[in-house]
Amino acid sequence: MSRVAEVVVFAQGAEAVMAPLTRDDPARSWRGRFEPIERGGLSGLAWSAEFERMRTRAGLLSHLESLPWPRPGACRC
């Protein structure tokens with residue numbers, strides 16, 4: 001079993017929301033940053049991050065849920 005998890009966020013029109021998540025921030029409970037996916041027609045629609053251990057992603061999902069997404073449920077990828 002792998003200890004690596006890749007998290008992919010699909011969010012149409014969310015460049016401003018995702019911008020801070022593309023930089024490291026020691027104040028967050030989780031460690032890492034998202035990279036935009038620039039292939040397959042996903043430019044501006046999808047971002048991914050890879051986490052090697054569970055503790056590096058602790059709090060990630062609740063953080064993502066708390067963000068002000070501009071069009072929740074709009075992406076039909």
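Just so it is clear, the values below take in all heavy atoms, side chains as well, and ignore hydrogens, waters and symmetry mates.
- Using a 4.5 Å cut-off on side-chain heavy atoms (C-beta onward), Val17 and Pro70 make contact.
- In this structure, Glu50 has no salt bridge (charged side-chain N to carboxylate O under 4.0 Å, His left out) partners at least two apart in sequence or on a different chain.
- For the side-chain contact (heavy atoms from CB on, under 4.5 Å) test with Trp47, the passing option among Val7, Thr22, Val8, Ile37 is Thr22; the others fail.
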Pairs of donor and acceptor atoms involving the side chains of residues 60-67, under 3.5 Å and at least two apart or interchain, shall be tabulated with distances.
from, atom 1, to, atom 2, distance (Å)
Ser62, OG, Gly59, O, 3.1
His63, ND1, Trp30, NE1, 3.3
Ser66, OG, His63, O, 2.7

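- The two residues Trp69 and Met18 come nearest to each other via the heavy atoms CH2-SD, 3.6 Å.
- In this structure, CG in Leu45 is found 8.0 Å from CD in Glu15, a value given to the nearest 0.5 Å.
- Distance check: Arg23 CZ to Arg28 CZ gives 9.0 Å after rounding to the nearest 0.5 Å.
- Atom CD of Glu6 sits about 12.0 Å away from atom CZ of Arg57, to the nearest 0.5 Å.
- Scored by the salt bridge (charged side-chain N to carboxylate O under 4.0 Å, His left out) test, Arg33 finds Asp24, Glu35 as partners (sequence neighbours excluded).
- Under a hydrophobic-cluster definition in which Ile, Leu, Val, Met, Phe, Trp and Tyr are linked whenever side-chain heavy atoms come within less than 4.5 Å, directly or via other members, Phe10 and Leu21 are assigned to different clusters.
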